[in-house]
Amino acid sequence: MPAAEAYDEVRMRCAPNPNGPWHVGHARMPAVIGTYRDRYDGWFCVRFDDTDPETKRPDLEAYDAILEDLDYLGFEPDETYKASDRLETYYEHARELIELGGAYTCSCSGEEFSELKNNGEPCPHRDKDVETVLAEFEDMIDGEYDSGEMVLRVKTDIEHKNPALRDWVAFRMIDTPHPRGEASEYRCWPMLDFQSGVDDHLLGITHIIRGIDLQDSAKRQRFVYDYFDWEYPEVVHWGHVQIDAYDVKMSTSTISELIEQDELDGWDDPRAPTLKSLRRRGIRGEAIVDAMVELGTSTSDVDLAMSSVYAANRDLVDEETDRRFLVREGNQLPLGGSPPEEANPPLHPNHEDRGVREIPVGDSVLVEPDDLPGREDRIWLKGLGCFQYTRDVLQYTGEDIDVVREGDVDVIHWVPASESVPVCMRTPDGDVSGRAEPGVAALEADELVQFERIGFARIDRQEDDETVTYYTHP
RNA sequence: GCUCCGAUGGUGUAGUCCGGCCAAUCAUAUUGCCCUCUCACGGCAAUGACCAGGGUUCGAAUCCCUGUCGGAGCACCA
């Protein structure tokens with residue numbers, strides 16, 4: 001973080017557009033500013049930049065959904081604001097800017113102005129006197145104009161070598177009412193660069209972090225800051241994040257469409273690249289934060305490997321997660337030779353003190369297709385003992401664990417054929433059905449388990465006929 | 001087209017401002033071994049990178065130029 005020491009308090013903002021729950025990429029901002037806040041004993045707020053009721057129409061449910069996602073990541077903002085509550089403030093500053101000669105009302109059409117701008121020529125409205133501009137701006141606020149009829153432009157440098165910075169629009173008319181009742185009467189709306197620039201100053205923001213798509217914003221906003229004689233915050237731009245491991249494009253609108261078309265079950269579908277999905281899969285928000293912070297703040301685009309999120313999560317949960325057996329698409333094998341009636345593998349191999357599971361054996365077991373023994377092969381059913389596959393029956397041999405240590409016998413997991421319980425495991429690659437050891441039916445929702453030799457999973461719910469789990473990661 | 005940015009292994013990152021301590025750090029991934037009644041965890045090891053070409057210099061990942069590739073903006077979107 002640049003020049004963190006130069007400020008009494010590092011103050012940052014997270015300025016989301018409330019158009020839906022967050023995808024994984026959105027986690028980067030809170031992860032980084034939240035971490036900086038903790039490191040520098042600073043401050044950060046969430047400010048919903050919801051100043052376009054039309055083309056970026058806010059989704060009323062998104063405000064809370066985003067705060068929930070933030071909570072999942074483990075952060076609580078010091079303050080929360082909505083730009084749509086602050087219109088009067090923006091109007092006030094616009095009036096002041098006009099009085100300073102820094103803005104003018106303009107009724108050029110978009111194309112007309114663009115043409116002039118690209119040639120570095122001022123439009124005829126640029127030199128209107130302050131009183132006229134002020135009056136026309138009041139008319140804008142009062143809704144006297146229709147959409148597209150009149151805008152307020154910031155007077156920058158019409159010959160600036162970067163055309164993107166020339167006399168940009170600060171306020172425009174929008175006929176569509178804002179979805180929030182509190183803001184539905186307003187028709188004259190500020191553009192992001194104006195609104196955000198003013199707010200950053202008023203909120204005392206010292207450090208702005210934002211995407212490279214807003215690279216020019218700082219340059220545009222500096223014109224306003226110069227008129228007001230304000231000091232511009234430190235600013236860091238970073239590139240886009242891509243995530244491997246997902247087929248679905250990481251874009252709020254794309255995900256939203258897929259949900260509408262029933263391609264996805266919802267924002268928490270395990271195939272969706274959303275925070276709600278990762279949460280349901282039992283991944284800790286902290287793991288996502290760890291992986292995001294690792295990415296740093298470089299301006300080039302980065303690929304986040306989901307494996308680093310998984311590694312971070314495994315680090316957090318492995319020690320405390322109990323082991324269980326799950327057999328997917330099991331093949332039934334009868335047992336012979338009087339094996340023990342109950343198996344008692346430990347809940348966690350590194351923590352014997354947690355106790356053991358009680359798995360009734362019965363007279364046949366299920367094993368995974370990949371684990372099916374060949375003729376006369378011996379296998380070790382984990383927690384139970386050694387068996388030899390003879391004449392379609394697993395004959396208990398009674399040999400001790402040394403046969404495994406000698407390396408001749410593979411250890412596999414299993415479940416009893418009759419007393420096991422059905423499990424549906426939802427994964428990013430589709431649903432998997434299987435049967436688990438009986439204890440799994442007694443686990444509570446939200447508990448995490450590790451299905452041995454398969455991976456971690458979160459218990460989602462217990463239904464009448466099966467246990468629904470969400471696959472976390474290997 | 002114009003204006004900005006950027007480029008270190010499969011991925012991410014440190015180092016670049018202030019050239020030598022960098023035959024390049026750490027993490028993750030992959031592979032192998034050890035541990036282990038599996039997987040996971042843990043331990044050990046291996047693989048693997050400074051975009052290219054010029055220049056400056058005794059010396060360049062680091063400074064300069066050119067090129068290549070990638071990204072962003074040029075909206076009455078955020």
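Quantities reported herein were computed from a predicted structural model and do not represent experimental measurements. Lettering of chains follows the sequences in order, A, B, ..., and the numbering in each one begins at 1.
Across Arg153(A), Lys128(A), Glu138(A), a single residue satisfies side chain to side chain donor-acceptor pair (under 3.5 Å) together with Thr105(A), and that is Lys128(A). Screening Tyr104(A), Tyr90(A), Phe171(A) for a ring-ring contact (aromatic ring centres under 6.0 Å, His included) with Phe137(A), the sole residue that qualifies is Phe171(A).
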Protein and nucleotides 61-66 of chain B: nitrogen or oxygen contacts under 3.5 angstrom:
none

What's touching nucleotides 25-27 of chain B from the protein side, N or O pairs under 3.5 Å?
none

What nitrogen or oxygen pairs link the protein and nucleotides 44-52 of chain B at under 3.5 Å?
none

Can you check nucleotides 9-11 of chain B for protein contacts, nitrogen or oxygen pairs under 3.5 Å, and list what you find?
from	atom 1	to	atom 2	distance (Å)
U11(B)	O2'	Asp303(A)	O	2.9

For this session: For nucleotides 31-42 of chain B, just jot down a letter per nucleotide in 5' to 3' order: B, S or -, based on protein non-hydrogen atoms under 4.0 Å.
Result: ------BBBBB-
Exercise. Base, backbone or nothing for each nucleotide of nucleotides 72-78 of chain B, written B, S, -, heavy atoms under 4.0 angstrom, 5' to 3'?
Worked result: SSSSBBB
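Among the heavy atoms of the strands, none lies under 4.0 Å from Ser196(A).
Counting heavy atoms from C-beta on, the side chains of Val317(A) and Gln450(A) never come closer than 4.5 Å.
Residues passing the side-chain hydrogen bond (donor to acceptor under 3.5 Å, both in side chains) test with His125(A) are Ser107(A), sequence neighbours excluded. In this structure Glu61(A) satisfies the side chain to side chain contact (heavy atoms under 4.5 Å, CB included) test together with Asp59(A), sequence neighbours excluded. With sequence neighbours left out, Ser114(A) forms a side chain to side chain contact (heavy atoms under 4.5 Å, CB included) with Asn118(A). Not a single side-chain hydrogen bond (donor to acceptor under 3.5 Å, both in side chains) links Tyr227(A) to another residue, sequence neighbours left out.
For C63(B) and C18(B), the P atoms lie 9 Å apart once the distance is rounded to whole Å.
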Solution key, residues 295-304 of chain A side-chain donor-acceptor pairs under 3.5 Å, sequence neighbours excluded:
from	atom 1	to	atom 2	distance (Å)
Ser298(A)	OG	Ser300(A)	OG	3.4
Asp301(A)	OD1	His240(A)	N	2.9

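Because its NZ or CZ atom is not both nearer than 6.0 Å to the ring centre of Phe223(A) and within 45° of the ring axis, Lys155(A) does not count as a cation-pi partner of that residue.
Nearest approach of Leu203(A) to Cys45(A), heavy atoms of both residues: CD1-SG, 4.1 Å.
Summarising the geometry, the separation between CH2 on Trp168(A) and P on C4(B) is reported as 20 Å, rounded to the nearest angstrom.
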Seminar exercise, completed: Per-residue pairing states of RNA chain B in dot-bracket (Watson-Crick or G-U under 3.5 Å; . unpaired, | other strand) read (((((((..(((.......[.....)))((((((.......))))))...(((((..]....))))))))))))....
